[in-house]
Enquirer: 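The structure under discussion is supplied below as structure tokens; questions concerning it will follow.
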Amino acid sequence: MNTQILPYNSENIAKAADIIKKGGLVGMPTETVYGLAANALDENAVRSIFEAKGRPQDNPLIVHISDIEMLPTLVREIPQTAKDLAENFWGGPLTMIFPKADIIPSVTSGGLDTVAVRMPQSEAARALIEAAGVPIAAPSANLSGSPSPTTAQHVYDDMNGRIPMIIDGGECSCGVESTVICFRNGGIHVLRPGGVTAEMLSQYADVTIDKAVCAKPAENEKVLSPGMKYKHYSPKANVIIVDEHGKHFADFCLEHSVGNTLALGAGVDESGIFVDYGKTPELQAQRLFSLLRKADDSGVDTVFVEMPSKDGVGLAVYNRLLRAAGFEVVKYD
Ligand code: AMP
Ligand code: MG
């Protein structure tokens, strides 16, 4: 199978929707990362997502909708807080977990009795969902374990030969996956941080952050969000988080660099082994996966990354980096 990259326009959306309706897979742009899209209600189509990605079967998928009207058909119950959040953050990078309706196949929800739902902001994603006329299951369109794709080319690099088509909607504006939340004891519980931050959510209810967000779950520990237990977002190069800043970070990298090393600094001058991954959490989120993929393309062995801020979107950057680094954090001593 030859994988075509086609620009986002109404003609190509119609072609992509046709593939989805027939049970096929399409690379879909969203504002977070590119998704591997299929009909969320078609068991066989969803199974082929898991196959194409090599994704563990117990890692549930997010179901994407183009209109709030679709939500009551997919879930059994919608708390008032969810309605408030939908009104304020949909379309956008916020995924909410609800008790699932019978129409959602168990393969989509990874065998759970709940389902994760999101309405993206991306015009292309919403056009595709609307044209397909079904909710769309779409995990990130990378091979399981590797950095998420933020351009159509990234999707091609991982999925060439596995899917017929990728819709090119340009570079993703957010760059990290959506915030995933569930509702507990009248509050909001964050399972995965993303573009909609804890600070933003706290205007609507009390917010707690799951302990798996910043810590490695113990072997056999039951986690609320199955995706959190896997090594993730990881290039072939060895990623190491350096808990130092500015000159200390630079000195650490120069002293410890062996082989082909890349150092991602937050606002450093781009010289030698140093590459700037952005001064703000928003820039870091947007560039992170792309820079990790570039490291592999240029045969880098080790990537040192300056510790990001954990505020706002910074928590999402830190959460992804921890998993890319297999939780390896070092300090200068
Ligand atoms: P991805 O599709 O790769 O962006 O990952 C989706 C994330 O949402 C994973 O971390 C999943 O574990 C999480 N998720 C999806 N559905 C559920 C659910 N029903 N309960 C808890 N976490 C979920
Ligand atoms: Mg993913």
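Nothing here was measured: the structure is a model prediction, and the numbers come from that model. All values below come from the heavy atoms of this structure, side chains included, with hydrogens, waters and symmetry mates left out. Both ligands and their constituent atoms are indexed starting at 1 by order of listing.
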Enquirer: To check your reading of the model: name the closest protein heavy atom to atom 13 (C) of ligand 1, its residue, and the distance in Å.
Expert: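 Protein heavy atom with the smallest distance to atom 13 (C) of ligand 1: Ser225 OG, 3.4 Å.
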
Enquirer: Please indicate whether Glu69 has more than 12 foreign heavy atoms, meaning atoms of other residues, nucleotides or ligands, lying under 6.0 Å from its CD.
Expert: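 No - once you tally the heavy atoms of other residues, nucleotides and ligands closer than 6.0 Å, there are 12 at most.
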
Enquirer: Indicate, as side chain, backbone, both or neither, the part of Met96 found under 4.0 angstrom from ligand 1 when only non-hydrogen atoms are considered.
Expert: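 Neither; nothing of Met96 gets under 4.0 Å from ligand 1.
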
Enquirer: What protein heavy atom sits nearest atom 12 (O) of ligand 1, and how far away is it?
Expert: Gly227 N, 2.8 Å

Enquirer: Taking atom CD as the centre, does Glu130 end up with more than 12 heavy-atom neighbours from other residues, nucleotides or ligands that are less than 6.0 angstrom away?
Expert: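 Open.
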
Enquirer: Please state which option from Ile49, Ile97, Thr114 has its nearest heavy atom closest to atom 21 (C) of ligand 1.
Expert: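 Comparing heavy atoms across Ile49, Ile97, Thr114, the nearest one to atom 21 (C) of ligand 1 lies in Ile97.
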
Enquirer: Could you list the atoms of ligand 1 found under 4.0 angstrom from a heavy atom of Pro139?
Expert: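 By the 4.0 Å cutoff, the relevant atoms are 2 (O).
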
Enquirer: Does the shortest distance from the Mg ion (ligand 2) to an N/O/S atom of Ser140 fall below 2.8 Å?
Expert: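 For Ser140, the answer is yes, given that an N, O or S atom comes within less than 2.8 Å of the Mg ion (ligand 2).
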
Enquirer: Can a non-hydrogen atom of Arg55 be found less than 4.0 Å from any atom of ligand 1?
Expert: yes

Enquirer: Under a 3.5 Å threshold, yes or no: a donor from one side chain and an acceptor from the other, between Asp210 and Ser225?
Expert: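 No.
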
Enquirer: May I ask you to test the Met119-Met70 pair for a side-chain heavy-atom distance under 4.5 Å?
Expert: no

Enquirer: Work out whether the distance between some heavy atom of Ser140 and some atom of ligand 1 is less than 4.0 Å.
Expert: yes

Enquirer: Provide the number and element of each atom of ligand 1 under 4.0 Å from a heavy atom of Ile62.
Expert: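 Numbered from 1, ligand 1 contributes 6 (C).
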
Enquirer: According to side-chain contact (heavy atoms from CB on, under 4.5 Å), who are the partners of Gln80, at least two apart in sequence or on a separate chain?
Expert: Lys83, Asp84

Enquirer: Check each atom of ligand 1 against the heavy atoms of Ala116 and keep those under 4.0 Å away; list them by number with element.
Expert: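 The atoms of ligand 1 under 4.0 Å from a heavy atom of Ala116 are 15 (C), 16 (N), 17 (C).
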
Enquirer: Do Ser178 and Arg192 make a side-chain contact, defined as non-hydrogen atoms from C-beta onward lying under 4.5 Å apart?
Expert: yes

Enquirer: For atom 8 (O) of ligand 1, what's the nearest protein heavy atom and its distance?
Expert: Val180 CG2, 3.9 Å

Enquirer: What atoms of ligand 1 come closer than 4.0 angstrom to any heavy atom of Leu112?
Expert: 18 (C), 19 (N), 20 (N)

Enquirer: Measure Arg192 to ligand 1 on non-hydrogen atoms and call it side chain, backbone, both or neither using the 4.0 Å cut-off.
Expert: side chain

Enquirer: Looking at Asp102, I'd like to know if its CG atom is crowded, meaning that more than 12 non-hydrogen atoms belonging to other residues, nucleotides or ligands lie closer than 6.0 Å.
Expert: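 12 or below, so no.
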
Enquirer: At what distance is the nearest protein heavy atom to atom 17 (C) of ligand 1, and which residue and atom is it?
Expert: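 Going atom by atom, the protein heavy atom closest to atom 17 (C) of ligand 1 ends up being Pro60 CG, 3.4 Å.
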
Enquirer: Mind checking side-chain contact (heavy atoms from CB on, under 4.5 Å) for Ser257 and listing every partner two or more places apart, or none if nothing turns up?
Expert: Thr261, Ile273

Enquirer: For Asp251, is the CG atom crowded, meaning more than 12 foreign heavy atoms sit under 6.0 Å from it?
Expert: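 Count over threshold, so yes.
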
Enquirer: Parallel, tilted or perpendicular: which describes the rings of Phe183 and Phe98, with under 30° parallel and over 60° perpendicular?
Expert: tilted

Enquirer: Using a 4.0 Å heavy-atom cut-off, say whether Asn59 meets ligand 1 through its side chain, its backbone, both or neither.
Expert: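 Side chain only; the backbone of Asn59 stays clear of ligand 1.
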
